[in-house]
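Below: one structure, written as structure tokens.
As a basis for the values below, the full set of heavy atoms in this structure was taken, side chains included, without hydrogen atoms, waters or symmetry mates. To find a chain, count down the sequence lines: A is the first, B the second, and so on, and within it residues start at 1.
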Protein chains: 2
Amino acid sequence: MATGRNHRPATRSRGIPEATVARLPLYLRALTALSERSVPTVSSEELASAAGVNSAKLRKDFSYLGSYGTRGVGYDVEYLVYQISRELGLTQDWPVVIVGIGNLGAALANYGGFASRGFRVAALIDADPSMSGKQVAGIPVRHVDELETIIHTNGVSIGVITTPGGAAQQVCDRLVAAGITSILNFAPTVLQVPEGVDVRKVDLSIELQILAFHEQRKAAEDLSRETAAPDRMRVPAEQRGEQGPEGDVPAVMPA
Amino acid sequence: MATGRNHRPATRSRGIPEATVARLPLYLRALTALSERSVPTVSSEELASAAGVNSAKLRKDFSYLGSYGTRGVGYDVEYLVYQISRELGLTQDWPVVIVGIGNLGAALANYGGFASRGFRVAALIDADPSMSGKQVAGIPVRHVDELETIIHTNGVSIGVITTPGGAAQQVCDRLVAAGITSILNFAPTVLQVPEGVDVRKVDLSIELQILAFHEQRKAAEDLSRETAAPDRMRVPAEQRGEQGPEGDVPAVMPA
DNA sequence: GAGTCTTTGTGCACGCGTTCACAAGGACAT
DNA sequence: ATGTCCTTGTGAACGCGTGCACAAAGACTC
Ligand SMILES: NC(=O)c1ccc[n+]([C@@H]2O[C@H](COP(=O)([O-])OP(=O)(O)OC[C@H]3O[C@@H](n4cnc5c(N)ncnc54)[C@H](O)[C@@H]3O)[C@@H](O)[C@H]2O)c1
Ligand SMILES: NC(=O)c1ccc[n+]([C@@H]2O[C@H](COP(=O)([O-])OP(=O)(O)OC[C@H]3O[C@@H](n4cnc5c(N)ncnc54)[C@H](O)[C@@H]3O)[C@@H](O)[C@H]2O)c1
């Protein structure tokens, strides 16, 4: 659990802010597209538009990498592709293991976008003995017993978990024990990991629930704005409209 | 470019902060698990631990919903499940369409966790004529020509895009024109949508690149700390303040 | 070489989110 | 009732991220 004890200057790393790191892949994708069209240079305004961000934000992001632009002209596309790739560590090869080759795991294994950026599926791993040896996306499925061997042999440091939620923590522990230090988790489970291990999660269910929240709010707004919607019907949400326009804010007690 | 002029308060909702909304599903999941074990009440400390967050943060999050706790005791599990569900809009049914029934789309269609929270797959849609009529996860695949009809008939307001990147914007435009106001995008494309439409994206490639960045940094640190690494073993890298895990960046586009 | 023009790089201010720390509030025992 | 103990709810401080606005800097023209 990530309770206290994290009393560190935090961003002691004069490195790149986390928010910036999360956007670099976005810029890289846009730049790659430009590169394929042989566009030599691009302005912050153009690139920002393509990446869907504010141009000032983009310039500030790039400023963390160094001064790679030319005032009055813009950024050299090829050069920037290289710099961002290098910064993200994409100039090297990252072997990856996928654990749990069911619906989702198989889809990921079949995903072409994997290899395109230096990520290579080193192995597919599943606990089901009947899967062993079968090929998925041209890669043989190995039994989970071999997990440690596979990781050591291939020097894998990134693991993807696509097992059912119940098995995720157990698989995670095993991955970490074997030396994995970065995990991408698709299971609906909050993984507990030791310090030094990064976990990122992708959770379809959470995303949908967030969308539902906003959807509900939009519906409530429309409803309160115009008592009767003249336009086409949009799921009149028959629920009793008990919930007013805005949740009541609890009274604040004076100190 | 719609620069300037767009001086809208953006977070017009003085309701629940976006960061809080993103955590509510996490709490809900933990609470549901407790509920299934018939645990009557839970303290902020316990629940926070289960959800992997700071307890003060959790209490503040709940305070936005109202005062649902009892001092000295904690929160009533069932009651809280209901309140959060209601707040997220999960007490109603949300029909969803999935567009692009390839590897990923099929995996999503097969995903059981969909129905568990009020989300119902109303239709699977694909452009490939040879897919039409075929069943995926017991649901017939419909041709994209029927998209508008399907959406209107079923009152769908949430769409999931799992087409190739090149088709994503086009599909998005069509969904929006048909009345969809929330989109979950799996394609590696920055979608342009009109105001009032929420887009959230799930991007495997970006997640991996972020992990690679941190992985590279960890490797560089280890290397500089000890000039020579004896084995392939990584040392317990007591990492400095580099907070890694929850680099969550909400992806709601204000448009 | 001087002037003009374009676009970068960044200082600065502001708002959101996180966390600490503690008083207020309620349950329970006596 | 009164006191004790526990946990909530939140005031306040702080740090991070964002976006405006502009000076600095290079390219290009004449
Ligand atoms: N399918 C989706 O679209 C989707 C979407 C969001 C989240 N998820 C989550 O992703 C996970 C996988 O979903 P799925 O639909 O592919 O499930 P699935 O049941 O099709 O596949 C799970 C696979 O994991 C294997 N497995 C089980 N325990 C294992 C273990 N201990 N070690 C190794 N392998 C093990 C199983 O043999 C099976 O092949 C689930 O946690 C699910 O909640 C799936
Ligand atoms: N498979 C993965 O694990 C994975 C992971 C991350 C991202 N993605 C992204 O998700 C998307 C889908 O991936 P996939 O592996 O399932 O691809 P896929 O090629 O297997 O499936 C794409 C499907 O979309 C359909 N399609 C194409 N154009 C369409 C249109 N205009 N309207 C409706 N349907 C259309 C195709 O007929 C096909 O069935 C891609 O953008 C991919 O980059 C996939």
Side-chain angles (χ1 to χ4, degrees), chain A residues 2-23 40-49 51-76 79-80 249-255, chain B residues 1-23 40-49 52-76 79-80 241-243 245-254:
Chain A
T3 24
R5 94 165 295 306
N6 211 352
H7 271 298
R8 212 24 81 93
T11 320
R12 196 198 164 295
S13 62
R14 52 230 149 300
I16 302 169
E18 193 56 34
T20 295
V21 173
R23 281 188 295 269
T41 62
V42 65
S43 72
S44 64
E45 198 67 52
E46 292 170 312
L47 187 54
S49 168
V53 304
N54 180 293
S55 71
K57 192 190 293 185
L58 178 143
R59 287 197 298 276
K60 185 151 289 187
D61 283 342
F62 285 175
S63 77
Y64 293 116
L65 307 184
S67 283
Y68 295 146
T70 304
R71 295 173 189 228
V73 176
Y75 298 91
D76 183 280
Y79 188 55
L80 207 44
V249 180
V252 178
M253 302 306 285
Chain B
M1 242 320 1
T3 23
R5 295 237 110 304
N6 207 353
H7 275 297
R8 202 36 64 91
T11 318
R12 207 187 152 306
S13 63
R14 65 199 129 314
I16 303 170
E18 192 54 36
T20 295
V21 172
R23 280 187 295 268
T41 63
V42 64
S43 72
S44 64
E45 198 67 52
E46 292 169 313
L47 187 54
S49 167
V53 304
N54 180 294
S55 70
K57 192 189 293 184
L58 178 142
R59 288 196 297 276
K60 183 148 289 189
D61 283 342
F62 285 174
S63 77
Y64 293 116
L65 307 185
S67 282
Y68 295 146
T70 304
R71 295 174 188 227
V73 176
Y75 299 90
D76 183 279
Y79 188 56
L80 208 44
E242 153 205 2
Q243 188 271 346
E246 223 64 10
D248 215 338
V249 183
V252 183
M253 299 182 60

Inset, instruction - Mind calculating the distance between CZ (A:Phe62) and C1' (C:dT10) to the nearest angstrom? - result: 16 Å
Legend entry - Sugar-phosphate, base or nothing in reach of A:Ser55, heavy atoms under 4.0 Å: nothing
Inset, instruction - Quickly work out the A:Glu18 CD to D:dG17 P distance and round it to whole Å. - result: 8 Å
Inset, instruction - Side chain of A:Ser43 only, please: which of D:dG17, C:dT19, C:dT8 is the nearest? - result: C:dT8
Legend entry - Rounded distance in Å - CG (A:Asp61) to C1' (D:dG19): 12 Å
Inset, instruction - Considering just the side-chain nitrogens and oxygens of A:Lys57, establish if one lies under 4.0 Å of OP1 or OP2 belonging to D:dG19. - result: yes
Inset, instruction - Identify, with sequence neighbours excluded, every residue that meets ring pair (Phe, Tyr, Trp, His ring centres under 6.0 Å) alongside B:Tyr75. - result: B:Phe62
Legend entry - Rounded distance [0.5 Å steps], CG in B:Leu65 versus OG1 in B:Thr20: 8.0 Å
Inset, instruction - Between C:dT18, C:dA21, D:dG9, spot the one nearest the side chain of B:Ser63, thanks. - result: D:dG9
Legend entry - Candidate nucleotides C:dG9, D:dG9, C:dA21, ranked by approach to the side chain of A:Tyr75 - the nearest: C:dG9
Legend entry - Whole-Å distance separating the CG atom of A:Leu47 from the C1' atom of C:dT7: 14 Å
Legend entry - Atom of B:Leu47, atom of B:Val42 and distance for their closest heavy-atom approach: N-CG2, 3.8 Å
Inset, instruction - When you get a sec, tell me which of D:dG9, C:dT8, C:dC20 is the closest nucleotide to the side chain of A:Ser44? - result: C:dT8
Inset, instruction - Would you tell me if any nitrogen or oxygen in the side chain of A:Tyr64 comes within less than 4.0 Å of OP1 or OP2 on D:dC16? - result: no
Legend entry - Of the listed nucleotides C:dG17, D:dT8, D:dG17, the one nearest the side chain of A:Ala19: D:dG17
Inset, instruction - State the NZ-CZ distance between A:Lys60 and A:Arg23, to the nearest 0.5 angstrom. - result: 11.0 Å
Inset, instruction - Kindly indicate whether the side chain of B:Lys60 and the base of C:dT18 share any N or O donor-acceptor pair separated by less than 3.5 Å? - result: no
Inset, instruction - Measure from CG on B:Asp76 to P on D:dT8 and round the result to the nearest Å. - result: 13 Å
Legend entry - Integer-rounded Å distance: D:dT8 P and B:Leu80 CG: 11 Å
Pairs: protein N or O with nucleotides 22-26 of chain D N or O, under 3.5 Å:
| residue | atom | partner | partner atom | Å |
| --- | --- | --- | --- | --- |
| D:dA24 | N3 | A:Arg71 | NH1 | 2.7 |
| D:dA25 | O4' | A:Arg71 | NH1 | 3.4 |

Inset, instruction - Grab the CZ-C1' distance between B:Arg23 and C:dT18 for me, whole Å please. - result: 8 Å
Inset, instruction - Kindly say if B:Asn54 contacts the phosphate of C:dG17, meaning a side-chain N or O under 4.0 Å from OP1 or OP2. - result: no
Legend entry - Pairwise side-chain contact, A:Glu46 with A:Ser49, heavy-atom cut-off 4.5 Å (strictly under): no
Legend entry - Euclidean distance, atom CG of residue A:Leu58 to atom C1' of D:dT18 [Å, nearest integer]: 13 Å
Legend entry - Nearest-0.5 Å distance, CG of residue A:Asn54 to CG of residue A:Asp61: 10.0 Å
Inset, instruction - Could you tell me the separation between the NZ atom of B:Lys57 and the OG atom of B:Ser44, rounded to the nearest 0.5 Å? - result: 13.5 Å
Inset, instruction - Taking all heavy atoms of A:Ser55 and all of A:Ala48, pick out the closest pair and write down the distance. - result: CA-CB, 3.5 Å
